[in-house]
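Data first, discussion second: the structure below is written as structure tokens.
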Amino acid sequence: MSSFSRFQRLLRLGRTLTLSQTNRRVLNQNVLKHAASPQANLIARLFSANAEPNPEHHSIIKDTEKTIGSSSTHEFQAETRMLLDIVAQSLYSEKEVFVRELISNASDALEKFRYLSLSGTVEGLQDTDRKLEIHISTNKQERILTIQDTGIGMTKEEMLSNLGVIARSGSKQFIEGLKKKSATGENTQKIIGQFGVGFYSAFMVADKVEVYSKSAISTQGYKWSSKGAGTYNIQEAEGVQPGTKIMIYLKPDCREFADNDTIKNIIQKYSNFVGSPIYLNGTKENIVQPLWLMDPKSVTPQQHGEFYRFISNSFDLPRYTLHYNADVPISIHALLYFPEGKPGLFEMSRETETGVALYSKKILIRNRTDNILPKWLRFVKGVVDSEDIPLNLSRELLQNSPLIRKLTTVLKTRVLRFLLDQSKKKPEEYEKFYADYGLFLKEGIIVNHDQQEKEEIAKLLRFESSHMQGGVKVGLQDYISRIKDGGKLILYLAAPSRVLAESSPYYESLKSRNQEVLFCYEPYDELVLMTLQQFNGYKVVSAEKDMRDDKKAADLTNLGADSLKRSEIDSLTKWIKAQLNGRASSVSATNRLENHPCVVTVEEMAAARHFIRTQSHQVPEDKRYALLQPQFEINPKHPIIKKLHKLSQSDIELASLLAKQLFANAMVGAGLVDDPRLILTSMNELLTKCLEKY
Ligand code: ADP
Ligand code: MG
């Protein structure tokens, strides 16, 4: 294995598992060895916070607290008790989110302290130069998880009101208090809490919770404790450090949360972007800057590259980056990436989850949110942060939330507009994107129920055109801009290649009338255009359907001298119909063919071909024709047809073989025979008959 691919593996492992100290050391040595390569630089940077040199062990968690005096017991209010049960048992779908909630509270406490010490509005604030940090320690033996912060802390009264009453958010009150004072909400944007339920999520995993806290405006510390069943105690305590320390005594079946690596993974999953440092057992764990909250102009492509690889778990680069912030109609910070690499088979599947994570104020709500972007945009990777979305949104709520729907609509529109802009600004780059990811756009049209949205996506489709050279791609808007004489149709022809499209019987008469036709070569193109039906008020119609519906085609008044006469045509078409024995629903003559003796048309060629490709083998042959209702159209000027007319009166057996063969050939020409080898037997029979006389 080359050392770089070993790096890659290690890197991947490092994300999912955690690097042990030894591995980390080995990785670092390797990184140093390969320091000259850009890949090594990337890896070194990604791990810089995890990896050495970081010999510094830094923890503030100490066992110094001692309760003093007597303890007072308080009852949770009745509603609180009820809510407590709900929070502890069913509000959150995954237990691990309690870590996220407690870290969010710690982060809030730090932000509040930061704000108060900067604003200088509160007198007697203690230790204003303290380090603002979050510390977590795990004690596996005793099943204790401790989370401590150096934030604002709580007074006794605050403990009573903020921890004693559920759904009472001290943080919300704090924000409201500030808003009254300053009118601008700017400084409060970093505060996460507002619902007053997060703290109680600790009871999902805890037998007992103890909170030691010393408020920044007080010299007295307190201990709050509860088993989550009806009552809690408050008592004075000594040796309490400024800020808050929460000790979770884990239930036996939740012992995993006293494990260093489990907590490490949870921090990286949910709280990687929290604004203050988080130390786990003395080591700093959160590393990545929340790029999406930065000014888009200040983020370098290199930062994007690293961040993209971090979130998408891949090794390519983004080909497009869409970084955008908005406040109306909903607060959005979105950073979306379109991968450079081609989609893997796995991504093609609709079962794949989407690649966009949903955050609220830098805290992860859901990692791979399946309805932030529509399924067909599942190749887009990135982050969406909206402070309007509550952190405790459950999966079910997420699916039915009007807020999420609004978010989805805004993002979808933005993505489509972005791609359209790219297609105009840098068409060549866009064409490469289209070649790799066009299939997803087509899926977007096929699965969509909203005509307007279909048409928005359809602006991004690209096809070759009969009016352009091979290799040149045009969009539907280009096509429309060239329509003259009040034409109301967008015509397309599906064929496996340009050569076959240009020599197609369905194209012949359109060509002679100088009608522009879009040529589509990809398997799904015609289905996409068929489901599209309309674009900008223009009907989207296949060349075959146009031919079938063409009323003027049946006008046989000016056929000229080298054509069969009307009476001959009438008797020949009747005779052919009888020979085909129910396979053709009708047989008629057309003036729209030049070099071809005949064609078959069906009502919806795309649907028919799709049926033939996918299901026809389950349907017996006679039923197949009944379903397809093929219309057989003959060219009365063509030498074969004229000969057929003669033969039908002289050598009925040969004429009958010929008629059937012409029909079979036309079915192949229309792409309506799943295996053309099927017609060889009848072809050989016909040839034998023809050659009999020689
Ligand atoms: P929310 O965070 O939505 O306000 P929580 O249930 O998570 O609700 O917390 C309730 C309240 O308890 C917070 O608003 C805050 O006033 C207080 N609180 C919780 N944790 C801390 C902490 N670490 N430091 C200071 N106050 C805290
Ligand atoms: Mg909270």
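Quick note: numbers below take in every heavy atom, side chains included, and nothing from hydrogens, waters or symmetry partners. Both counts, for ligands and for their atoms, begin at 1 and track the order of listing.
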Tell me if the centroids of the rings in Phe338 and Phe440 come within less than 6.0 Å of each other. no
Judged by non-hydrogen atoms, does Glu101 sit under 4.0 Å from ligand 1? no
Just checking, Lys208 and Tyr249: is the charged tip under 6.0 Å from the six-membered ring centre and within 45° of the axis? yes
Verdict with reasoning, Asn281 to Ser137, per side chain to side chain donor-acceptor pair (under 3.5 Å): CA-CA 5 Å; Asn281 294 323; Ser137 72; 4.7 Å; no
Examine Asn105 against ligand 1 and note whether any of their N/O atoms are separated by less than 3.5 Å. yes
Does any N or O of ligand 1 fall below 3.5 Å from an N or O anywhere on Gly153, backbone included? no
Could you tell me whether a side-chain N or O of Ser72 sits under 3.5 Å from a main-chain N or O of Ile234, the two making a donor and an acceptor? yes
Does Asn162 reach ligand 1 with a nitrogen or oxygen that is under 3.5 Å from one of the ligand's nitrogen or oxygen atoms? yes
Between Phe203 and Phe199, how do the two ring planes meet: parallel, tilted or perpendicular, split at 30° and 60°? perpendicular
Strictly under 2.8 Å, is the Mg ion (ligand 2) approached by any N, O or S atom of Ser104? no
Subset of ligand 1 atoms that lie under 4.0 Å from at least one heavy atom of Gly198: 5 (P), 6 (O), 7 (O)
Atoms of ligand 1 less than 4.0 Å from Thr244 heavy atoms? 22 (C), 23 (N), 24 (N), 25 (C)
Please work out, at 4.0 Å between heavy atoms, whether the side chain, the backbone, both, or neither of Asp149 comes within that distance of ligand 1. side chain
According to the interplanar angle, ranging from 0 to 90°, do the rings of Tyr232 and Phe76 count as parallel (below 30°), tilted (30 to 60°) or perpendicular (above 60°)? tilted
When you compare ligand 1 with Leu163, is there at least one nitrogen or oxygen pair between them that comes in under 3.5 angstrom? no
Which residues pass the ring-ring contact (aromatic ring centres under 6.0 Å, His included) test with His58, sequence neighbours left out? His135, Tyr279
